[in-house]
Amino acid sequence: MSITAHTLAASRSIQPIGALDDAGIQAHLAALPDWKIDGGKLARTFAFGNYYETIAFVNAIAWVIHAEDHHPDLGVSYNRCSVRFDTHSVNDGRGGLSANDFICAAKVDALFAQRAAA
């Protein structure tokens with residue numbers, strides 16, 4: 001099965017899950033072209049017109065991602081929100097990237113696209 005942003009966004013996070021190898025990371029990353037690997041984390045920064053839009057987006061992330069029980073690190077400023085995913089429990093507790101990181105990133109992308117369409 002091909003990995004796409006749509007199939008990722010339609011998936012649910014599962015526990016427990018193993019870390020992806022480099023080939024798996026690259027296959028998942030290809031489905032999410034706006035994301036990058038930064039310091040071992042899946043990262044993207046979103047831009048907004050003002051603080052209210054930024055905080056509304058942060059709240060939407062909290063609502064959707066809490067249901068996945070897989071929470072990102074967020075950096076919030078006046079008109080930007082940086083989102084960074086990784087899975088602390090993989091690689092014998094050393095952390096890494098799992099499919100859950102990409103599933104949740106796709107859900108965050110879908111929120112951003114929905115906001116832009118409104």
Side-chain angles (χ1 to χ4, degrees):
M1 177 172 90
S2 179
I3 299 170
T4 67
H6 178 74
T7 59
L8 286 169
S11 298
R12 295 288 309 210
S13 294
I14 57 173
Q15 301 296 337
I17 192 161
L20 294 170
D21 61 14
D22 288 340
I25 290 169
Q26 291 307 313
H28 282 78
L29 194 57
L32 301 173
D34 295 323
W35 292 78
K36 64 182 179 179
I37 306 302
D38 182 22
K41 296 186 181 212
L42 182 61
R44 180 174 177 192
T45 298
F46 297 86
F48 301 93
N50 58 52
Y51 188 69
Y52 174 79
E53 290 177 11
T54 306
I55 296 303
F57 183 68
V58 168
N59 285 328
I61 290 173
W63 179 263
V64 170
I65 297 304
H66 183 70
E68 298 299 321
D69 194 28
H70 192 71
H71 307 93
D73 293 331
L74 300 174
V76 180
S77 65
Y78 175 77
N79 64 349
R80 298 220 183 292
C81 176
S82 62
V83 182
R84 297 170 55 90
F85 283 102
D86 70 323
T87 303
H88 302 285
S89 61
V90 296
N91 291 327
D92 297 319
R94 293 185 313 273
L97 294 175
S98 73
N100 286 347
D101 299 310
F102 292 90
I103 289 168
C104 290
K107 290 179 185 295
V108 171
D109 276 353
L111 284 172
F112 187 70
Q114 182 180 21
R115 179 213 56 89

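One finds the CG atom of L20 at 11.0 Å from the CG atom of L29 (value rounded to the nearest 0.5 Å). Expressed to the nearest 0.5 Å, how far CD1 of I37 lies from CD of Q26 amounts to 7.0 Å. Residue F46 holds its CZ atom at 12.0 Å from OG1 of T54, rounded to the nearest 0.5 Å. In this structure, SG on C104 lies 5.0 Å from NE2 on H70, to the nearest 0.5 angstrom. Atom CD1 in I3 sits 9.5 Å away from atom CG in L32 (nearest 0.5 Å).
Put simply, the side chain of R12 never gets that close to the backbone of I103: no donor and acceptor are under 3.5 Å apart. Distance alone, capped at 3.5 Å, places no donor-acceptor pair between the H66 side chain and the A62 backbone. Of the possible polar contacts, none joining the E53 side chain to the F48 backbone as a donor-acceptor pair under 3.5 Å is found. Of the possible polar contacts, none joining the N79 side chain to the G49 backbone as a donor-acceptor pair under 3.5 Å is found. Remark: the backbone N or O of S89 is not paired with any side-chain donor or acceptor of T87 at under 3.5 angstrom.
Classification of R84 and D73 as a salt-bridged pair fails, no side-chain N sitting under 4.0 Å from a carboxylate O.
Here the closest non-hydrogen pair linking A5 and A31 is CB-O, 3.5 Å. Looking at every heavy atom in both residues, D86 comes nearest to K41 through OD1-NZ, 3.7 Å. Shown here for S98 and G18, the closest heavy-atom pair between the two residues is CB-O, 3.6 Å.
No more than 12 heavy-atom neighbours from other residues, nucleotides or ligands sit within 6.0 angstrom of NE2 on H6.
Legend: residues meeting side-chain contact (heavy atoms from CB on, under 4.5 Å) with N59, ordered by chain and number and at least two apart, are I55. With sequence neighbours left out, Y78 forms a side-chain contact (heavy atoms from CB on, under 4.5 Å) with N50, Y51. The side-chain contact (heavy atoms from CB on, under 4.5 Å) search around T45 returns R80, S82, not counting sequence neighbours. Partners of A19 under the side-chain contact (heavy atoms from CB on, under 4.5 Å) rule, at least two apart in sequence or in another chain, are V90, N91.
Pairs passing the salt bridge (charged side-chain N to carboxylate O under 4.0 Å, His left out) check and including a residue from residues 55-65, sequence neighbours excluded, do not occur.
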Taking it one step at a time, do L97 and F85 satisfy side chain to side chain contact (heavy atoms under 4.5 Å, CB included)?
CA-CA 8 Å; L97 294 175; F85 283 102; 5.6 Å; no
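Looking at heavy atoms from C-beta onward, P72 lies in side-chain contact with I65 at the 4.5 angstrom threshold.
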Donor-acceptor list for residues 105-113 side chains, cut-off 3.5 Å, not counting sequence neighbours:
{"from": "K107", "atom 1": "NZ", "to": "A9", "atom 2": "O", "distance (Å)": "2.7"}
{"from": "K107", "atom 1": "NZ", "to": "S11", "atom 2": "O", "distance (Å)": "2.9"}
{"from": "D109", "atom 1": "OD1", "to": "W35", "atom 2": "NE1", "distance (Å)": "2.9"}
{"from": "D109", "atom 1": "OD1", "to": "R44", "atom 2": "NH1", "distance (Å)": "2.5"}
{"from": "D109", "atom 1": "OD2", "to": "W35", "atom 2": "NE1", "distance (Å)": "3.0"}

